[in-house]
**Q** 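Mind having a look at this structure? Questions to follow.
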Amino acid sequence: MSGLDVMAAAAEVEAFCKGQRWGFCFIGGVAVQRWGAPRFTQDVDLTLMTGFGGEARFIDAILGKFAGRLRNAREFALQRRVLLAKTSAGIALDVALGAFPFEEASIARATHWAVGDHISLTTCSAEDLIIHKIFAGRDRDLSDAQSVLARQYGALDFDLINKELPPLLELKEDCDSMAKFLRMVAEVEAANGK
């Protein structure tokens, strides 16, 4: 599997979601390719705005097009708010079922990215990708956030990040990640002579 295979899989998902007239945007490794240091990614992650209570119709439509990766993919998605499926090429597809104001705003701020002559993908903004990555908090996510900060430094809306990130971290009672983010910003500023 190559990076082009993943982008082609993302394009398949993009076409399906647009055909359904759904609000969505790519997050994760696909968005990192746009905003951060390009790295190999094996899956397609997106946020799909479903709201609370109407998730089943979205899940059923996706599973009508893409196979689930779990035997009980529908039930898992209803319980965990993440649908684990795979594209027609067998590439992993993780669909976060969005309902929170941040997710809705992130989708509203998303823009199109021309990957090549024939592929255009709707990705979250660089700021929203940083927020997603800091919130996730795994080592790979923090490394991705650092790469986006470094590559997009000077073009980032830090006011937006500082407004959106703290309430999300409070939801999961995370007292450490904001300090990690501020250290990353200080490192990038130092590297840029600020």
Side-chain angles (χ1 to χ4, degrees), residues 1-20 22-50 55 58-59 61-98 103 106-107 110-152 172 177 180 184:
M1 173 179 37
S2 72
L4 291 175
D5 294 331
V6 173
M7 294 303 169
E12 177 186 22
V13 174
E14 170 107 6
F16 176 74
C17 290
K18 280 187 170 178
Q20 300 291 320
W22 290 343
F24 71 96
C25 67
F26 291 100
I27 57 176
V30 169
V32 171
Q33 303 307 310
R34 179 180 186 183
W35 300 116
R39 66 166 174 83
F40 180 69
T41 184
Q42 297 181 350
D43 60 1
V44 174
D45 301 302
L46 75 148
T47 298
L48 173 64
M49 199 64 201
T50 65
E55 300 89 347
F58 292 92
I59 293 167
I62 293 168
L63 291 175
K65 169 73 174 171
F66 303 106
R69 294 200 325 264
L70 302 173
R71 199 170 23 89
N72 62 340
R74 184 180 194 274
E75 292 74 23
F76 182 90
L78 287 168
Q79 291 173 0
R80 304 280 180 95
R81 300 197 62 78
V82 177
L83 176 58
L84 304 176
K86 57 186 172 182
T87 67
S88 62
I91 292 173
L93 169 61
D94 296 355
V95 182
L97 306 177
E103 292 166 314
S106 178
I107 289 167
T111 56
H112 295 285
W113 172 41
V115 180
D117 292 339
H118 305 291
I119 296 177
S120 177
L121 302 175
T122 305
T123 73
C124 65
S125 70
E127 292 85 357
D128 288 328
L129 181 58
I130 290 169
I131 294 165
H132 279 287
K133 292 293 186 176
I134 298 295
F135 181 80
R138 299 167 301 192
D139 288 344
R140 168 50 66 96
D141 295 308
L142 297 176
S143 175
D144 286 341
Q146 180 86 30
S147 81
V148 175
L149 279 167
R151 187 166 169 213
Q152 301 302 323
K172 68 175 198 170
S177 292
K180 289 177 185 176
M184 285 182 197

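If you read the sequence from its start, that first residue is 1, and numbering goes on from there. Quick caveat, the model's predicted, so the values are computed rather than measured.
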**Q** Compare every heavy atom of G23 with every heavy atom of L48, then report the nearest pair and how far apart it is.
**A** CD1-O, 3.5 Å
**Q** Return the minimal non-hydrogen interatomic distance between I59 and A77, and the atom names on each side.
**A** CD1-CB, 3.6 Å
**Q** Taking the side chain as everything from C-beta on, heavy atoms only, tell me whether V32 gets closer than 4.5 Å to T41.
**A** no
**Q** Identify the heavy atoms of I134 and A145 that sit nearest to each other, and give their distance.
**A** CD1-CB, 3.8 Å
**Q** Mind checking the CE-CG spacing from M7 to L121? Nearest 0.5 Å is all I need.
**A** 6.5 Å
**Q** Taking the side chain as every heavy atom from C-beta outward, state whether D45 and V95 have any atom pair closer than 4.5 Å.
**A** no
**Q** What ring-ring contact (aromatic ring centres under 6.0 Å, His included) pairs are there with at least one residue in residues 67-94, not counting sequence neighbours?
**A** none
**Q** Checking E14 side chain against T122 main chain: does a donor-acceptor pair fall under 3.5 Å?
**A** yes
**Q** Within the 4.5 Å heavy-atom criterion, are I91 and L93 side-chain neighbours or not?
**A** no
**Q** Which atom pair, heavy atoms only, marks the closest approach of A11 to I119?
**A** CB-CG2, 4.0 Å
**Q** Would K172 pass as a cation-pi partner of F135, given that its NZ or CZ must be under 6.0 Å from the six-membered ring centre and within 45 degrees of the axis?
**A** yes
**Q** Checking the side chain of R69 only, and the main-chain atoms of K86 only, is there a donor and an acceptor separated by less than 3.5 Å?
**A** no
**Q** I'd like to know if the side chain of S147 reaches the main chain of A37, judged simply by a donor and an acceptor atom lying under 3.5 Å from each other, with no hydrogens or angles considered.
**A** yes
**Q** Could you tell me the separation between the CG atom of D128 and the NZ atom of K133, rounded to the nearest 0.5 Å?
**A** 13.5 Å
**Q** Do R74 and L63 have side chains that get closer than 4.5 Å, going by heavy atoms?
**A** yes
**Q** Quick check: are there more than 12 heavy atoms from other residues, nucleotides or ligands sitting under 6.0 Å from CG of D139?
**A** no
**Q** Going from CD1 on I131 to OG on S177, what distance comes out if it is rounded to the nearest 0.5 angstrom?
**A** 13.0 Å
**Q** Quick one: CG on N72 to CG on L84, what's the gap to the nearest 0.5 Å?
**A** 9.5 Å
**Q** Determine whether F26 and Q33 make a side-chain contact, defined as any pair of heavy atoms from C-beta on separated by less than 4.5 Å.
**A** no
**Q** Could you pull out all residues at least two apart from T50 that satisfy side-chain hydrogen bond (donor to acceptor under 3.5 Å, both in side chains)?
**A** R81
**Q** Between C25 and I107, is any pair of side-chain heavy atoms under 4.5 Å apart?
**A** yes
**Q** Got a second to check how far I130's CD1 is from M184's CE, nearest 0.5 Å?
**A** 9.0 Å
**Q** Is there a side-chain contact between K65 and E12, using heavy atoms and a 4.5 Å cut-off?
**A** yes
**Q** To check you understand the geometry: which heavy-atom pair defines the closest contact between C124 and I27, and what is its length?
**A** SG-CG2, 4.0 Å
**Q** Does any part of the side chain of T123, heavy atoms only, come nearer than 4.5 Å to the side chain of W35, both counted from C-beta?
**A** yes
**Q** Looking at every non-hydrogen atom in both residues, tell me the closest pair between C17 and L46 and how far apart they are.
**A** SG-CD1, 4.1 Å
**Q** Out of curiosity, L97 CG to E103 CD, how far, rounded to the nearest 0.5 Å?
**A** 9.0 Å
**Q** Between R151 and R34, is there a donor-acceptor pair closer than 3.5 Å when you use the side chain of the first and the backbone of the second?
**A** yes
**Q** Tell me if a side-chain donor or acceptor on Q152 pairs with a main-chain N or O of G36 at a distance below 3.5 Å.
**A** no
**Q** Could you tell me how the ring of F66 sits relative to the ring of F16: parallel (under 30°), tilted (30 to 60°) or perpendicular (over 60°)?
**A** perpendicular
